[in-house]
Amino acid sequence: MVKMQLDLASRTLSLDGTLSCGQIFRWTKQDGWWLGMVDGVPIKMRQTGEHLEVESSSPVAESRITRFLRLDDDLDSILEELSRDDLIRRVFADVRGLRIVRQDPWECLISYILSRNCSIPAIEGTLNRICRRFGERVEWGGRILHRFPEPDSIFSAEPMGLVGCGLRYGRRQALELKEIARLVSDGVMDFNALRRMPYEDARSMLISFDHGIGRKVSDCVLLFSLEKLEAFPVDVWVSRAVAELYQGRLNPELVRRVRGGSRLTAKDYDSISDFGRRLFGRYAGYAQEYLYHWVRLRAGVHLLQTSRQASE
DNA sequence: ATCCAGGATATCT
DNA sequence: AGATATCATGGA
């Protein structure tokens, strides 16, 4: 057991908000501690006052935690730059200390491919079952955890084994996951290369890989794992938030469709995403995540599962 | 039981 | 190109 304490000092952080808002799916809170993995190493974290307490099974460089939580971002400056109007200022005030997390691109990509048309608890359940069945077992403190499976492990998986984990779209989706795993394993899909590309180019390339990667999945992977903070993913919640706050600046027909609960067309996605990016600029993704968390909090979505098992 | 959820794609006009 | 039909699970 290795213990470490990070001095947050002036670095604003809400660990609860950051890990419970629905950007990342495999962290759970138990007895006041967040339990999860960073680079395959089991980690426990707890925020107490000005400090972040970190416990791990083996030594972890402080810089890895700092990178994971994007504590290298000057959050206050970013939010100040994003404060275009009083509406978004109020959202920032209601959702304090939320940070975008730096996820592993492979895990992030698979997570969002199978997130489509699913609720967050369902995504968590499916991911946990996939890790339990295909990921490496790790024991820590009498607890059994599972790493996220390597690409080769998914590539060589039996399709029905994946389907049995609860995929929303069955065998078709299992074949998608296997194909993506092959592309990653063969280096055809090169996350480091994508990270170096401009947002628009990386997004076009990701979408061109197909097999379950569309606009939304691309934007999530780019924002949460590939350093593209201008990405503005749009789901039903973000569309509701934007349609509510900025109804006067959007196509009235689009606002009506969002309010009526009808599904978003590809064109609607582009309208809202482009609007967000134009309004907020290089840190639009941060504004998006605050909007997402804000509407869900206000709708009374409960974010912390208390009784469900993480991964055994 | 019913309803909804961090959508993508094949198949039309 | 742009609209729409289809896919078909788990959790609240």
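Note that these values count all heavy atoms, side chains included, but never hydrogens, waters or copies made by symmetry. Note on naming: letters A, B, ... go to the chains in the order of the sequence lines (proteins, then strands), and numbering restarts at 1 for each one.
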At under 4.0 Å between heavy atoms, what does [X] touch on the DNA or RNA strands: base, sugar-phosphate, or nothing?
X: Cys220(A); value: nothing
X: Asp219(A); value: nothing
X: Arg240(A); value: sugar-phosphate
X: Ile113(A); value: nothing
X: Ile213(A); value: sugar-phosphate

Watson-Crick or G-U counterpart of dA1(B), or none if no pair lies under 3.5 Å: none

Distance in angstrom units between [X] [atom1] and [N] [atom2], rounded:
X: Arg116(A); N: dA8(B); atom1: CZ; atom2: P; result: 7 Å
X: Asn117(A); N: dT9(B); atom1: CG; atom2: C1'; result: 13 Å
X: Leu297(A); N: dG6(B); atom1: CG; atom2: C1'; result: 15 Å
X: Gln23(A); N: dA5(B); atom1: CD; atom2: P; result: 20 Å
X: Arg171(A); N: dT6(C); atom1: CZ; atom2: C1'; result: 18 Å
X: Glu179(A); N: dA8(B); atom1: CD; atom2: C1'; result: 16 Å
X: Glu176(A); N: dA10(B); atom1: CD; atom2: P; result: 9 Å
X: Leu177(A); N: dT9(B); atom1: CG; atom2: P; result: 12 Å

Which nucleotide in [options] has an atom nearest any side-chain atom of [X]:
X: His302(A); options: dA12(C), dG6(B), dA3(C); answer: dA12(C)
X: Val217(A); options: dT9(C), dA8(B), dG6(B); answer: dA8(B)
X: Tyr169(A); options: dA8(B), dC7(C), dA5(B); answer: dC7(C)
X: Arg168(A); options: dA8(B), dG6(B), dA8(C); answer: dA8(C)
X: Ser115(A); options: dA8(B), dG6(B), dT9(C); answer: dG6(B)

Intermediate values then yes/no, ring pair (Phe, Tyr, Trp, His ring centres under 6.0 Å), Tyr112(A) and Phe25(A): CA-CA 10 Å; Tyr112(A) 281 96; Phe25(A) 304 104; 5.2 Å; yes

Rounded C1' spacing from dG6(B) to dT4(C) in Å: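 After rounding to an integer number of Å, I get 22 Å for this pair.
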
P atoms of dA8(C) and dT11(B), separation to the nearest Å: 14 Å

Pair Arg26(A) + Glu107(A), salt bridge at N-O below 4.0 Å: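 Yes.
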
Leu250(A)-Phe280(A) co-clustered via ILVMFWY side chain contacts under 4.5 Å: yes

Verify same cluster id: Leu245(A), Phe232(A) (apolar side-chain graph, 4.5 Å):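 Yes; tracing contacts between hydrophobic side chains, which count when under 4.5 Å, links both residues.
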
Aromatic ring pairing Tyr290(A)/Tyr286(A), orientation class (parallel under 30°, perpendicular over 60°, tilted between): tilted

Comparing Glu289(A) and Gly212(A) on DNA chain B - which has the more 5′ nearest nucleotide: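 Counting from the 5' end, the first nearest nucleotide belongs to Glu289(A).
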
Upstream residue (5' side of DNA chain B) when Ala122(A) and Arg215(A) are each assigned their closest nucleotide: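 Looking at DNA chain B, the more 5' nearest nucleotide goes with Ala122(A).
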
Base dG6(B) to side chain Gln288(A), donor-acceptor N/O within 3.5 Å cut-off: yes

Donor-acceptor under 3.5 Å (Arg282(A) side chain, Glu230(A) main chain):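 No, the answer is negative, given that no donor and acceptor are paired below the 3.5 Å cut-off.
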
Pi stacking test for Tyr292(A) and dG6(B): under 5.5 Å apart, planes under 30°: yes

